[in-house]
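Down below is the structure, laid out as structure tokens.
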Amino acid sequence: MAYRILIVDDESALQNMVKEILTQSGYETVSALTCAQALDRFHDASPDGVLLDVNLPDGDGFTLFGKLREVRDVPVLFLSARDEDADRLQGLGLGADDYITKPFLPQELLLRLNAVLRRVYREIPDTCRLGDVEVDWGKSSIRRNGEEIALTAKEFSLLKKLWEARGNIVTIDALCAALWDGPLVGYENTLMVHIRRLREKIEANPSHPNHLLTVRGLGYRLNREGTKK
């Protein structure tokens, strides 16, 4: 499968360079120079991922990111000359999959884009295990100690989002975006309730979780090995 990538950048030279890098590596590309063009291309081309500049002539990439995610949840990597920690944290905090500063090496761009796409689009098996807990994705349930326990729709979406990124931090904003449509203000406390209820189903001791870990100030992480690290 050839992934289609939307490149949003107002620097034509850089945009053409990125298009050439991706095309030579087997990607399909669509390009946009402005926020308005990007929204049109996003609707028309249904890209599998987006490379998004922060500074655009008719707006900023952070605001555009939110508008894109309202339409469809696809991997987004920021490409920006703004390398301040605050900008990087803002982009990642919004739920972006990566933040790459300009200038960058072509191979670095490919490696990081490939890593994100593999993580997001890899197939999930019908069942998987978290220690002594078996998750059945088809039935939206878990089995622990011989007992089958149903997952609610929100618990299922939450666990799936965490499983797809297992071993890595998923930000609070990204989890809220996976569970609810529209503005995400005020959902953090509700997210914590769903996290607690999910832990009650998958953890032997929900108060001292071994699988679903809190990363203070950032979000949550589903432990890949099933032991604390």
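The residues of the chain are indexed from 1 along the displayed sequence.
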Residues that, via side-chain heavy atoms closer than 4.5 angstrom, fall in one hydrophobic cluster with Leu33: none

Co-members of the apolar cluster containing Val193 [side chain, <4.5 Å]: none

Check ion pair Asp48-Arg4 (N to O, under 4.0 angstrom): no

Asn145: partners by side chain to side chain contact (heavy atoms under 4.5 Å, CB included), with sequence neighbours left out: Asp132

Basic-acidic side-chain contact under 4.0 Å: Lys201, Glu155: yes

Salt bridge (charged side-chain N to carboxylate O under 4.0 Å, His left out) partners for Lys154, two or more places apart: none

Listed partners of Arg196 passing salt bridge (charged side-chain N to carboxylate O under 4.0 Å, His left out), at least two apart: none

Which residues share a side-chain hydrogen bond (donor to acceptor under 3.5 Å, both in side chains) with Thr23, sequence neighbours left out: none

Set of residues satisfying side-chain hydrogen bond (donor to acceptor under 3.5 Å, both in side chains) with respect to Ser25, sequence neighbours excluded: none

Pairing residues for Gln15 by the side-chain hydrogen bond (donor to acceptor under 3.5 Å, both in side chains) criterion, not counting sequence neighbours: Ser31

Considering all heavy atoms, the nearest Asp60-Phe62 contact: OD1-N, 2.9 Å

Those residues that, when tested against Arg143, pass salt bridge (charged side-chain N to carboxylate O under 4.0 Å, His left out) (two or more places apart): Glu148

Ser46-Arg41 side chain donor-acceptor pair, cut-off 3.5 Å: no

Non-neighbouring partners of Arg129 that pass side-chain hydrogen bond (donor to acceptor under 3.5 Å, both in side chains), sequence neighbours left out: none

Set of residues satisfying salt bridge (charged side-chain N to carboxylate O under 4.0 Å, His left out) with respect to Asp97, sequence neighbours excluded: Arg69, Arg119

Cationic N near anionic O, under 4.0 Å, Asp9 to Lys102: yes

Lys161 side chain near Leu158 side chain, heavy-atom distance below 4.5 Å: no

Arg112 side chain near Tyr99 side chain, heavy-atom distance below 4.5 Å: no

Side-chain hydrophobic cluster, 4.5 Å single linkage: members besides Leu218: Ile169, Val215

